[in-house]
Structure formats: structure tokens, C-alpha cells
Amino acid sequence: MVAITLPDGSVRRFDGPVTGTDIAESISKSLAKKAIAMRVDGALTDLFEPVARDATVEIVTRDDPQALELVRHDAAHLLAQAVQELYPGTQVTIGPVIEDGFYYDFARDEPFSSDDLERIETRMAEIVDEDRPTRKEVWDREEAIRHFKKIGETYKAEIIADLPEGEEIKIYWHGDWHDLCRGPHLPSTKHIGKAFKLMKVAGAYWRGDHRNPMLQRIYGTAWLSEKDLKAHLQRLDEAEKRDHRRLGRELGLFHFQPEAQGSVFWHPKGYMIWRVLEAYIRRRQDEDGYVEVKTPQLLDSVFWEKSGHWSKFRENMFVVPDEIPSTEEGKPVLSGEAGLMALKPMNCPAHVQIFKQGVKSYRDLPIRMAEFGCCHRNEAHGGLHGLLRVRQMTQDDAHIFCREDQITDETKRFLALFARVYDDMGLSDIRYKLATRPENRAGEDAVWDRAEKALADALTASGLDFDYAEGEGAFYGPKLEFHLTDAIGRTWQAGTFQLDYVLPERLDASYVDETGAKRRPVMLHRAVLGTFERFIGLLIEHYAGRLPLWLAPVQVVVATITSEADDYAKEAAALLAAKGLRVETDLRNEKINYKVREHSHAKVPAIAVVGAREADERKVSLRRLGAERQEVLDLDEAAARLGEEATPPDLRARKA
RNA sequence: GCCGCAGUAGCUCAGUGGUAGAGCGCACCCUUGGUAAGGGUGAGGUCGGGAGUUCAAUCCUCCCCUGCGGCACCA
């Protein structure tokens with residue numbers, strides 16, 4: 001007898017082992033039809049798995065929160081199945097579920113083309129229609145390895161050989177195709193449905209290690225319904241429209257060119273955003289007790305050896321010979337014998353030098369030392385990505401030198417600053433994580449215990465919920481991660497906060513404590529915006545280019561309807577400019593429709609239209625970006641209103 | 001750096017083994033028009049760079065560069 005307890009608490013008894021299908025059928029025909037898996041005492045299991053002991057069983061249908069993951073997992077198998085049927089000799093490796101879908105990595109000499117993707121997709125749909133049933137077998141480890149080697153699946157054989165001892169070797173069959181898998185799977189291919197689409201092919205290293213062969217990864221997306229699939233594809237379209245590289249070009253903000261790979265040419269409008277942000281964050285830092293410094297770009301390699309960067313970070317540094325290049329015709333430009341300098345990849349070691357000038361007392365601490373430091377990092381070519389991954393970047397960087405007992409307070413203070421700034425930026429959806437000690441680390445565990453606790457205390461005292469990111473800290477100390485969610489639900493990391501016990505030691509920074517003894521300060525590396533480059537990229541995508549008035553490079557365009565209003569337009573523009581607004585005039589010989597369209601495309605937040613009527617009455621017809629109507633206002637009132645709205649949030653708060 | 005794809009006018013893109021086209025943009029002319037494209041004319045390209053095949057290459061082949069999508073990297 002097997003007693004099965006259902007979620008409603010009722011108990012059903014069966015003569016012997018029962019499968020999920022049996023149980024579902026005993027409840028209702030329709031449930032049996034909808035069933036795709038079950039939970040036995042809470043563990044997700046195949047529907048066709050016999051239950052031989054008393055247990056609580058929950059039948060899982062497509063309405064279950066975990067159904068989508070099951071469907072995506074099966075879709076990955078479906079993909080592998082279709083590929084092996086169409087391209088015999090292709091080896092399968094792994095095929096996990098990822099955000100929005102799945103992928104499968106294949107070993108095949110010939111590359112897959114986009115035409116192949118279409119063929120594969122068609123074959124996948126056919127296999128769904130064929131409704132191939134799933135079944136599971138448990139094999140002996142050695143037998144499984146022999147089998148997969150024999151059929152030429154060497155990667156699978158390797159995976160099996162590496163499975164932990166004692167783990168069941170489960171083989172899943174979908175019709176006559178089989179694969180090693182931990183499961184669980186849907187009862188048949190029909191249940192996958194057809195709300196899937198193959199998205200792209202890409203290279204990926206076997207086991208993620210660049211020393212291993214490169215496999216071909218096919219990415220797919222899969223959903224529970226066609227409607228969900230369509231919505232997802234629409235989201236992708238939306239994201240593409242927000243791409244900061246595209247908007248940067250369309251709005252004339254910046255450009256890149258091959259001669260300066262990974263470095264930005266900021267155009268006047270793009271740099272205006274930078275200037276506004278920099279002025280804003282500088283004010284925020286000033287009021288929060290920071291001092292600002294400027295340190296050298298180019299420092300001798302000896303210095304980087306001391307800081308530890310030469311051994312740990314050199315492959316990411318730009319190294320420059322300290323010599324005057326030869327101008328002699330035919331001679332090599334550089335002798336190759338000169339001493340080496342390097343462009344700074346970080347500001348921290350230079351800040352320690354300023355700290356070390358003179359003797360510091362415990363009374364001087366904390367010192368919050370800020371720099372809008374321009375750093376260079378020699379990122380791999382393949383990793384560069386618009387403004388988000390560059391080789392020359394400027395951070396709103398600062399280092400807080402403090403005593404250990406000040407860590408919690410300084411962290412709280414930073415968290416408050418961080419929240420203020422992101423709220424002002426319209427980015428208030430932030431998730432906090434505390435990244436703890438990694439396996440490879442410097443320092444004693446007792447110090448790590450204190451450091452992690454100090455950060456956790458600060459988060460808690462600030463009333464913030466947070467998760468731990470175990471083992472994700474830097475080798476020199478734990479850190480806080482700030483995960484922002486943007487307007488279309490994507491997450492970003494920009495700011496950072498890291499505790500460092502190592503660098504003050506390496507560079508011999510010290511202060512004198514109450515007893516007259518020399519002590520090491522703790523260093524907090526922190527950036528609120530992160531880099532201006534990345535942060536501006538983030539803002540552009542978050543706002544889809546429609547920046548709030550205070551950040552918009554051009555805030556108002558005064559556009560004329562007829563040339564009779566030119567003089568008045570200039571007068572109006574001058575008045576708006578006097579209110580501190582960034583204003584342009586459009587006096588061109590074009591129709592007002594054309595002008596409105598063009599400035600709307602340029603995402604100018606406000607268009608002040610003036611014709612003969614407005615000129616007579618000293619008014620403007622104000623049209624806001626995205627609005628379908630306009631409002632006729634007295635010029636002075638319009639200037640006052642726009643001036644107020646364009647005031648950076650911190651200054652507005654100060655006035656109030 | 002690795003795998004794949006791509007590179008034609010400022011932008012978006014078409015096209016062909018016989019040295020190139022559209023729309024938008026730009027310039028000029030006409031038009032002074034009331035809230036998302038008024039009309040006309042014109043300028044603009046070493047078809048990413050180099051080599052090869054060919055009578056002839058933007059097109060075919062090879063190498064390089066750059067971009068894009070991933071991977072790896074990311075103090």
C-alpha cells in the first residue's frame with residue numbers, strides 16, 4: 001500500500017508504486033491531460049517516475065511557477081535532438097536553461113549558419129508534433145561512459161566521468177533519441193509547445209575555459225505561450241531602440257573611431273550631459289565632506305610594482321617607455337631599452353601618496369579623498385562595448401581613509417549618498433548585495449569577520465534589505481554590489497563600494513593613534529556613478545534618450561513659425577538662457593510641422609513655438625516632448641517654470 | 001584574445017564579373033507656412049585596406065583592419 005497525500009490534505013491509497021500520471025488520473029481526466037511533472041515531498045520529479053513509498057505529491061501543470069523552466073529545459077533537448085538528426089556526427093555537450101530561454105553547445109567542425117537555424121527550428125516543430133514520449137533509464141557509470149565513447153560522444157563521456165561518485169547516471173529518451181541529463185523532463189515532446197525561437201549562434205569554450213576547444217552555442221528563447229514569446233521579441237526590439245550606441249549617433253552625443261578603439265569622442269551635446277553630471281556629483285560630494293584632488297596619469301613602473309599592480313594587473317595596463325623617440329630616418333622609433341611608465345588604471349595608489357604626505361593623526365580620519373580620475377585599462381578587443389566597456393574611463397572615484405571603528409559609519413554615510421543620487425537620477429529600484437570573502441584572499445579570517453560584519457551592520461542600520469554574494473568579494477576585502485533595474489527591467493551595476501586592508505599595508509600608509517602608536521588606516525574604494533562613460537550609457541538606455549530636463553543637453557528650442565517672429569524668438573531665447581536654460585533657436589525657413597518633428601526626434605524636452613501672435617503678446621506656445629498638445633504661456637512664466645524644472649534636484653532641494 | 005557574421009554616400013540600406021543606386025540628411029532656389037516630413041535643383045562614393053585569379057574585381061579567393069553577437073577576461 002502506498003498512501004499519497006495531496007496538497008489539499010486528502011489521502012489516496014494505491015496497491016503498489018504509482019506514477020504521477022496514475023495519481024493525476026485518479027483525481028481527474030483533465031488534470032491528467034494537463035500534468036507535466038510532479039513534486040514528491042517537495043522535490044520536482046518526472047511525472048512517469050513511480051512513487052513506491054508514502055509521500056506528499058503535487059501534480060505540476062503549465063500554471064506552476066516552475067513550468068517555464070521545465071519547458072525551456074525540454075526545448076534545449078529538443079534543439080539537440082533536431083541538430084543531431086539534421087547534422088549527424090555533431091556531438092552534444094551541455095544545454096542549460098538561462099534567462100529568457102536556453103542554449104545548447106555543440107561540437108561540429110562546420111559552422112552553423114542562419115539558414116541552418118531555420119532548418120533546425122522547423123525540425124524542432126516537427127518533433128513536437130510527433131509527440132515523442134519521454135522515458136528515463138539509470139545506467140551504470142562505466143557502461144554509460146563506454147556507450148557514449150562508442151557512439152562518438154566524447155564530451156558526454158567526459159561529463160559522466162566527472163559526475164560525483166554515487167550520483168545516478170540518468171539517461172533520458174525522447175522517442176529514440178537519448179541524452180544524459182539530470183532531469184526532470186516533460187512527459188512528451190508535445191508538451192513543449194511551439195512558443196520557441198532560435199536566436200543566434202556563437203562560439204563558447206568547452207567548460208568555459210579559454211584553453212579548451214571552442215564549441216558552437218545555439219541560443220534559443222522559449223515561453224509558455226505564443227503571446228509571451230511575442231512580448232519577449234517586442235521587448236528585444238524595444239531594447240534595440242534604446243541602444244545607447246544608436247542613440248548616441250542619432251542624437252549626436254558621441255562617436256567612436258578605429259584609431260581610438262574603446263575611447264570616446266564626446267560631442268558638445270554628449271559632453272554637456274557629462275558636465276551636468278560631474279557638477280552635480282561634485283556638489284553632492286562637497287556637501288558630504290569629501291576633498292577633491294588630481295593625481296598624475298603617468299607613473300613609473302617602479303611605483304606600480306610597489307602597489308602590486310605590476311604583478312596582478314599589468315596585462316590590463318598601457319605601458320609607455322620613458323624616452324624621447326628617435327626621429328632619425330630608418331632608425332627604430334624606440335630603443336627598447338628605456339625605463340617603463342604606465343598610464344594609471346586606478347586612482348587608489350596615487351591617493352595613498354597624498355595621504356602619506358605629512359603625519360596623519362587619528363583625529364584627521366576619516367579623510368574622504370575624491371578625484372574625477374581618468375584611467376586607462378587595456379581591455380581585450382572583443383570585450384569592448386560602446387560606452388559600457390571602454391579603455392579610457394573617468395570615475396567619480398574616492399577613497400575614504402578611516403579607522404576600523406569608523407567603517408560602519410562611513411558605509412552608512414555612503415549608502416545614504418548613493419540612495420540620494422540614484423533617486424535624483426530616477427533610478428530608485430536598487431538591490432543590494434554583500435560580496436563576501438573569496439577563496440583566494442589576503443588577510444586573516446578574524447579581520448574578514450569584522451569587515452563583513454561592519455558592512456552588514458551598515459546595511460541593516462540603513463534599513464536596507466540585502467543578499468549575500470558568497471565568495472564574490474575582492475581578494476583584499478568584502479564589497480557591496482548595487483544592482484539597478486532600469487525602465488525595461490534590465491539590471492546594471494555602476495557604483496561600487498569596497499573595503500581594502502591590503503593597499504595601505506603595501507604602500508605603507510599609517511596614522512598615529514590615541515596612544516601615539518602607528519596604525520594602518522582602512523581604505524574604502526567607492527564610486528557612486530561608477531564611470532561617467534558607463535553611467536551616461538545607462539542613463540541613455542534607461543530614458544530611451546529622453547533625458548529629464550535637468551540632464552538634457554539642449555533643454556529648449558525656440559522655433560519660429562514665420563520669419564516675422566525671428567527677433568522675438570531671439571529675445572525669448574536670451575531670456576530663457578538668462579534663467580540658466582540651455583536653449584537654441586530654430587529660425588530656419590521651414591514649416592513649423594517640420595521643425596516640431598525634427599526637434600521631437602532629437603528628443604528636445606521643450607519646444608517653444610513663436611509666431612506673429614506670440615510676438616505681439618509676448619507669449620510662447622510651449623510643447624513638451626511626447627505631449628500632443630501645447631500650452632500658450634506668458635514668456636516670463638514659461639521661463640520661470642522651465643527654469644525651476646531644469647534646476648538640478650540637489651539645488652532645488654537646497655532652495656526649498 | 002577565441003568562434004561566427006558583417007563592412008557600398010553623413011545615416012539606413014539596395015545592387016552587379018564590364019569602375020554604382022534609393023530614401024533621409026546636406027547645399028542652393030521657390031515657398032512665410034500655426035504644432036511630427038511643402039516643392040524644385042544639385043553636390044556627395046578609391047564600394048574597409050592589401051595581395052591574388054581574370055582581358056576586366058565593389059562582386060570570386062587569401063591575408064589584415066574595424067564593427068556586431070557571443071565566449072573568455074573584468075581590482
Side-chain angles (χ1 to χ4, degrees), chain A residues 98 103 105 108 110-114 116-117 199-219 240 243 245-246 249-250 252 255-262 307-309 312-313 315-317 345-349 375 377-386 388-391 393 395 397 435 438 442 473-477 479 493 496 498 500 502-503 523 525 527 559-566 587-602 607-614 621-632:
Chain A
I98 52 171
Y103 68 77
D105 284 350
R108 175 178 184 242
E110 263 190 58
F112 290 110
S113 67
S114 39
D116 290 330
L117 289 195
M199 305 301 286
K200 57 201 169 196
V201 200
Y205 297 107
W206 166 234
R207 297 195 149 160
D209 188 326
H210 66 279
R211 289 163 302 197
N212 286 339
M214 185 153 278
L215 308 170
Q216 294 190 63
R217 174 171 299 177
I218 297 180
Y219 283 93
E240 200 184 317
D243 190 313
R245 293 165 299 182
R246 173 176 167 159
R249 188 176 54 240
E250 287 173 0
H255 85 271
F256 292 91
Q257 65 186 53
E259 293 86 346
Q261 252 190 89
S307 72
H309 289 77
K312 285 217 188 310
F313 203 68
E315 63 178 26
N316 283 302
M317 289 165 73
M346 296 167 202
N347 304 304
C348 33
C375 295
R377 294 185 193 173
N378 200 344
E379 302 282 354
H381 294 70
L384 300 174
H385 182 92
L388 305 182
R389 193 80 183 271
V390 291
R391 300 170 101 183
M393 70 214 78
Q395 295 170 288
D397 198 13
F475 81 89
Y476 49 71
K479 63 183 185 186
Q493 280 192 68
T496 176
Q498 309 184 1
D500 186 356
V502 173
L503 199 63
M523 231 175 135
H525 304 250
T560 51
I561 293 169
T562 77
S563 53
E564 286 167 32
D566 284 3
L587 310 181
R588 290 175 306 170
N589 176 14
E590 295 291 353
K591 290 197 172 185
I592 193 61
N593 288 319
Y594 183 90
K595 293 183 183 181
V596 165
R597 179 183 154 89
E598 196 174 82
H599 299 302
S600 299
H601 279 308
I607 305 174
V609 172
V610 296
R613 280 209 299 275
E614 286 78 8
S621 168
L622 196 63
R623 183 190 173 105
R624 297 301 301 261
L625 180 58
E628 287 181 8
R629 306 194 59 125
Q630 52 281 341
E631 197 180 357
V632 178

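Chain naming here is simple, since letters A, B, ... match the order of the sequence lines and numbering starts at 1 in each. Keep in mind that this is a model prediction, so the values were computed, not measured.
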Enquirer: Output yes when A/Arg245 and A/Glu250 qualify as a salt bridge under the 4.0 Å nitrogen-oxygen rule, no when they do not.
Expert: no

Enquirer: Quick check for you: among B/A72, B/U35, B/G70, whose closest atom lies nearest to any side-chain atom of A/Gln630?
Expert: B/U35

Enquirer: Using the benzene-type ring in the case of Trp, are the ring centres of A/His599 and A/Tyr594 under 6.0 Å apart?
Expert: no

Enquirer: Check the phosphate of B/G34 against A/Tyr594, side-chain N and O only, distance under 4.0 Å to OP1 or OP2. Yes or no?
Expert: no

Enquirer: Please state whether the phosphate of B/U35, meaning OP1 or OP2, lies under 4.0 angstrom from any side-chain nitrogen or oxygen of A/Asn593.
Expert: no

Enquirer: Checking contacts here: which listed nucleotide (B/C26, B/U32, B/U35) is nearest the side-chain heavy atoms of A/Glu564?
Expert: B/U32

Enquirer: Between B/G67 and A/Gln261, is there an OP1 or OP2 to side-chain N/O distance shorter than 4.0 Å?
Expert: yes

Enquirer: Give a yes/no on whether any side-chain N or O of A/Arg245 is located under 4.0 angstrom from OP1 or OP2 of B/G69.
Expert: yes

Enquirer: Can you tell whether the side chains of A/Asp209 and A/Arg207 come within less than 4.0 Å, N to carboxylate O?
Expert: no

Enquirer: Nearest of B/U35, B/U32, B/G70 to any side-chain atom of A/Thr562?
Expert: B/U32

Enquirer: Within the modelled atom types, does a donor on one side and an acceptor on the other bring the side chain of A/Glu614 and the base of B/G34 under 3.5 Å apart?
Expert: yes

Enquirer: For a quick test of reading the model: is some side-chain N or O of A/Arg623 closer than 4.0 Å to OP1 or OP2 of B/G34?
Expert: no

Enquirer: Any side-chain N or O of A/Tyr219 below 4.0 angstrom from OP1/OP2 of B/C71?
Expert: yes

Enquirer: Tell me which nucleotide, if any, is Watson-Crick or G-U wobble paired with B/C28 when both distances must be under 3.5 Å.
Expert: B/G40

Enquirer: Would you tell me if any nitrogen or oxygen in the side chain of A/His385 comes within less than 4.0 Å of OP1 or OP2 on B/G69?
Expert: yes

Enquirer: If only side-chain N and O atoms of A/Gln216 are considered, is one of them under 4.0 Å from the OP1 or OP2 phosphate oxygen of B/G4?
Expert: no

Enquirer: Name the pairing partner of B/C11, where a pair is Watson-Crick or G-U wobble with both distances under 3.5 Å, or state none.
Expert: B/G23

Enquirer: Just N and O in the side chain of A/His210: are any of them under 4.0 Å from OP1 or OP2 of B/C2?
Expert: no

Enquirer: At less than 4.0 Å, is any side-chain N or O atom of A/Arg389 found next to OP1 or OP2 of B/C73? Yes or no.
Expert: no

Enquirer: For A/Arg613, answer base if it contacts any base atom (sugar-phosphate contacts may also be present), sugar-phosphate if it contacts only those atoms, and nothing otherwise; contact means non-hydrogen atoms under 4.0 Å.
Expert: base

Enquirer: Using purine N1 to pyrimidine N3 plus N6-O4 or O6-N4 for Watson-Crick, or N1-O2 and O6-N3 for G-U wobble, each under 3.5 Å, what pairs with B/G69?
Expert: B/C3

Enquirer: May I ask you to verify whether the side chain of A/Tyr205 and the base of B/G1 hold a donor-acceptor pair under 3.5 Å?
Expert: yes

Enquirer: Tell me which nucleotide among B/C73, B/U35, B/C71 gets nearest to the side chain of A/Val596.
Expert: B/U35

